[in-house]
Amino acid sequence: MANQVNVFAQNQPGRLERLTEVLLEEGINIRAITISGADEYGVIKLLVDDPRKAFEALQREGFSAFMKEVIALVMDDQPGGLHRICRVLGESGVNVEDAYGFVFQDRKTAILVVEVENVSAAGEILGSKGLEFLSDDELYSL
Amino acid sequence: MSADVEHWNPDMELLGREDLEALQLERLRKTLQRCTSSPFYQAWFRSADFDPRKVGSLADMSNLPCMDKDTLRDGDPTRFLTVPLDDIVRMHSSSGTTGQATVTFHTAADIEAWAELVARCMYMTGVRRTDVFQNMMGYGLFTGGLGFHYAAERIGAMVIPAGSGNSRRQIQLMRDFHTTVVHIIPSYALYLLEVFGELGLDPRTGTDLRIAFIGAEPHTEALRQRIEETYGVDAYNSYGLTEMCGPGVAFECPAKQGMHVWEDSFLVEVLDPVTLELVEEGEEGELVFTTLNREGMPLLRYRTHDLASVHPGECSCGRVHRRISRIKGRSDDMFIIKGVNVFPMQVERVLLEALGVGSNYRIVLDTVGSMDEMRVLVEVAGELWRGEVRELNRLRRKITEELRQEVLVTPLVELVEPGSLPAGEGKAVRVVDKREHARGD
């Protein structure tokens, strides 16, 4: 399984700057980032090359951070790629709590990162249906 | 006793200083005698080595230690009673649900005496039986509602027991029933002005209002004048606390130069809050009261934690009852928002219960538009959530609701990052009061 770092941040100028500064100092590379806001605060979700290191550095710098296990599903970067994944998710009764996707530069592979309630149970079901997902290491060696 | 053209109780209001002090001593000795039948006072006198029978002057009371809210909370409230519990007909309670509540018990005679005092206040400012009195205060455990209600009926005015809130209906009632007198929280009076505006009405021409009582929360002289000008009324300040009776402890006369403490009913001392010694006449200190006319639950040298001073000299109205200034602040960390007393400790307990862990917080009191708001900033530590926005939203709703239930004012809860608030260095920094009209002047 892959890990993502969720960070609580106030919706204020300069907060993202401080957060990315911490990651820069640690030499962390970011694969993907999403921000969901709720009025005056929000949650920043980071997919990075060394989630444990990023998490610990952010905590040390006073951020309210959380490591969260996610499923990084591999898709074909072509029409119908996402649909195929979603059909399996639906058929398997796996409810997606949050998700985002990104494509690799080779334009052949795309990744759908999904957050579900029970990661290991969902992983088993999806694996048995032939879906491929990546660990942290695999995600960054791509 | 019968009212004359200016005085509801001329016998008491027009007493000379000497006669007033003689009456105080007589009533004090009676009160002390009553106290000897209360389990609390028996022990209190014994531990202070104080013999209530030997009190020969008002100054002798300085030999008795002061009590305060903590004394009241420290055990069964009925232990203060000097009458059987069956003789009690009413209880009131001041604030909150955390910890032991502060309870005040009244006999029928206490309720009667209280209504008399508030009637004296209202009559002094010109309320008569021809008036229509709209009481825009919360009824119930809060004394501001019932205290004025009974008094207005006693005078013979028609009472509209409107209670608090529901602004458009308040205005409708004022217009339909030709309200002449209101009892209103000053910050709410400002807000209501906006609602008048939305309805295209001017209270000066659109109502028959002539008097407003604006106690229940600290306010400045500037705010009083603004209310007087915009509503076209005379506005009077009022002071009271549940432990004494509620409203009716001190009140402004038409001279509006301080609030007369009804000294036939209360012995007032102004003490240095640290040394508990009397301050010089006219100096600021903490108000300490002894009830002189209370049956069920007399209180002796009760510390209010309210800071004020006594105005020197006599009032142009002819009453010798001494006048106190506006309340300048507190000797503890209590604050008043929308007429409700709040202690930061209540907020702290709610947060601890809601979050399961202690969290750094800060209370910011501010005026937004014309409404007072209580913002509670809470630091979200890593262990409080599992990384989702909706958890934070849920957390915020939960804290808001539990705080509302505790302090009876809906706060604006803001979640902030750990370390973004100054570390808790004592109680003072927990509360930041930015309200422009709440500062003493």
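The sequence lines fix the lettering, A, B, ..., with proteins before strands; numbering per chain opens at 1. Computed from a predicted model, the values in this text were never measured in an experiment.
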State whether the number of non-hydrogen atoms from other residues, nucleotides or ligands found under 6.0 Å of B:E198 atom CD is greater than 12. yes

Is there side-chain contact between B:L415 and A:F8, with heavy atoms separated by less than 4.5 Å? yes

Taking the side chain as everything from C-beta on, heavy atoms only, tell me whether A:Q10 gets closer than 4.5 Å to B:E414. no

The interface call for B:E388 against chain A, heavy-atom contacts under 4.5 Å, is both

Interatomic distance, CG@B:L377 vs CD@A:E40, rounded to 0.5 Å, equals 8.5 Å

Flag the pair B:E417 and A:R18 as a salt bridge only when some basic side-chain nitrogen lies within less than 4.0 angstrom of an acidic carboxylate oxygen. no

Give a yes or no on this: more than 12 heavy atoms of other residues, nucleotides or ligands lie within 6.0 Å of atom CZ of B:R169. no

With a 6.0 Å cut-off (strictly less than), is the heavy-atom count around CD of A:E25, excluding the residue itself, greater than 12? yes

Proximity breakdown for A:V5 and chain B, heavy-atom pairs closer than 4.5 Å: neither

Can you confirm whether B:R226 is buried at CZ, in the sense that more than 12 heavy atoms of other residues, nucleotides or ligands lie under 6.0 Å from that atom? no

Is it true that atom CD of A:Q12 has more than 12 heavy atoms of other residues, nucleotides or ligands lying nearer than 6.0 Å? yes

Please report the interatomic distance CG(B:L392) to OG(A:S64), rounded to the nearest 0.5 Å. 8.0 Å

